[in-house]
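Only one structure is covered here, and it is reproduced in the block below.
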Amino acid sequence: MISGATRVLGVFGDPVEHSLSPRMHAEFARSTGADTVYVPFRVSPENLRTALRALPALSVLGVNLTVPHKEAATDFLDELAPAARAIGAVNTVIDRQGRLVGDNTDAEGFLADLRAQFPDRSWQGKPALVLGAGGACRAVIHALVETPIPEIAIANRSPDKAERLVEELCPDRGKPIALDSPELGAWIQQAGLIVNTTSLGLKGETVPGCDLSRARVDAGVYDLIYSPAETPLLQEARSLGLAASNGLGMLVRQGAASYRLWTGSDPAVEPVIQLLGSPPGE
Ligand code: ATR
């Protein structure tokens, strides 16, 4: 029920039709009893600045940003929170008395879900292997440097991107490698944690050269992809008996962190992970 007092939240994306965020935030509002509504706004890149600057005029509490706006928005806001500055991308915009603050809850969501999915924390004292070096990877690295992981190998198709990412985000612990490098096998053998941040798996692709049969038996494999629910990488991990998780928990936990920034309420995440993980209609 929308009343005159209902506060507006939303997401800017292009396209935005497939976003799970409206359903997730409707659940957060229901479970916390907040009088908020969360609206998908299709905003083109040319209109991003205008749409953002209109938020205070419309008394919108805040918005999430998704593809293709996360990086571009950093130029149009009044202030960036430390996570957004370090990651170089904004996923949450908050209107603080007319000042637009850009924050990023992806790293927080990833770390919270990693701790929930692999609770024995055996991954903390061992090297980690991160596949990819794009936008999503930056949030993952920003999270991993908060942990006692001693070394982080970043394996990317274009190794220069992995090199830049190491220089910027983890110069002491990072090791850039090419995805097709012979070194990949050695990192798979040592890693306590293997994280896929590439888009490989979205359409059923395998990650070339990533043979998990050499992985430690106590390694955890995390794939940021949540649709499909199980990429070939995760299928392989599960068939080998390794702990494996898709990125649905990260999605819900970054959403819950955004919701907390806007409303001050801390919604329960587990029921929403269950809800979004079930086929529609169930
Ligand atoms: P996102 O914001 O989701 O991270 P992105 O910034 O476009 O998206 O990054 C996509 C990642 O998937 C990159 O690491 C990309 O590798 P390159 O940097 O070499 O482009 C990786 N990727 C995409 N398609 C790939 C493929 N066919 N083989 C290997 N890596 C691929």
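We count ligands from 1, going down the list as the structure has it; atoms in each ligand are counted the same way.
For the pair Arg214 and Leu212, the minimum side-chain heavy-atom distance is 4.5 Å or more. Side-chain contact check for Leu193 versus Leu114: some heavy-atom pair is nearer than 4.5 Å. Glu270 has its side chain within reach of Ile273: a pair of non-hydrogen atoms, C-beta onward, lies under 4.5 Å apart.
Here the protein heavy atom with the shortest distance to atom 29 (C) of ligand 1 is Leu200 CD1, 3.4 Å. For atom 26 (C) of ligand 1, the nearest non-hydrogen atom of the protein is Arg157 NH1, 3.2 Å. Here the heavy atom of the protein found nearest to atom 17 (P) of ligand 1 is Ser158 OG, 3.4 Å. Of all protein heavy atoms, the one lying nearest to atom 23 (C) of ligand 1 is Ser199 OG, 3.1 Å. The shortest contact between atom 3 (O) of ligand 1 and any protein heavy atom is with Ala136 CB, 4.1 Å. The shortest contact between atom 6 (O) of ligand 1 and any protein heavy atom is with Gly135 N, 3.0 Å.
Checked by distance only, ligand 1 and Gly132 stay at 3.5 Å or farther apart across all their nitrogen or oxygen atoms. Residue-to-ligand polar distances place Ala133 within reach of ligand 1: an N/O pair is separated by less than 3.5 Å.
Residue-ligand proximity, Lys161 to ligand 1, at heavy-atom distances under 4.0 Å covers atoms 17 (P), 18 (O), 20 (O). The atoms of ligand 1 that sit less than 4.0 Å from any heavy atom of Gly134 are 4 (O), 6 (O), 9 (O), 14 (O).
Taking a distance limit of 4.0 Å, we find that atom 20 (O) of ligand 1 is approached by some protein heavy atom. Distances from atom 31 (C) of ligand 1 to the protein include at least one heavy-atom value under 4.0 Å.
Considering only non-hydrogen atoms, atom 14 (O) of ligand 1 lies nearest to Asn156 out of Asn156, Thr198, Leu202, Leu179.
For the residue pair Ser258 and Thr92, a side-chain donor N or O sits within less than 3.5 Å of a side-chain acceptor on the partner. When only modelled atom types and interatomic distance are considered, Ser44 and Asp14 share no side-chain donor-acceptor pair under 3.5 Å. Of the N and O atoms on the side chains of Tyr222 and Asn246, not one donor lies less than 3.5 Å from an acceptor on the other residue.
The aromatic rings of His25 and Tyr38 lie parallel to each other, their planes meeting at an angle below 30°, with 60° marking the opposite boundary.
Salt-bridge formation is not detected for the pair Arg96/Asp78: no Lys NZ or Arg NE/NH1/NH2 atom is positioned less than 4.0 Å from an Asp or Glu carboxylate oxygen.
Across Cys170 and Val145, no two heavy atoms sit closer than the pair CB-CG1, 3.7 Å.
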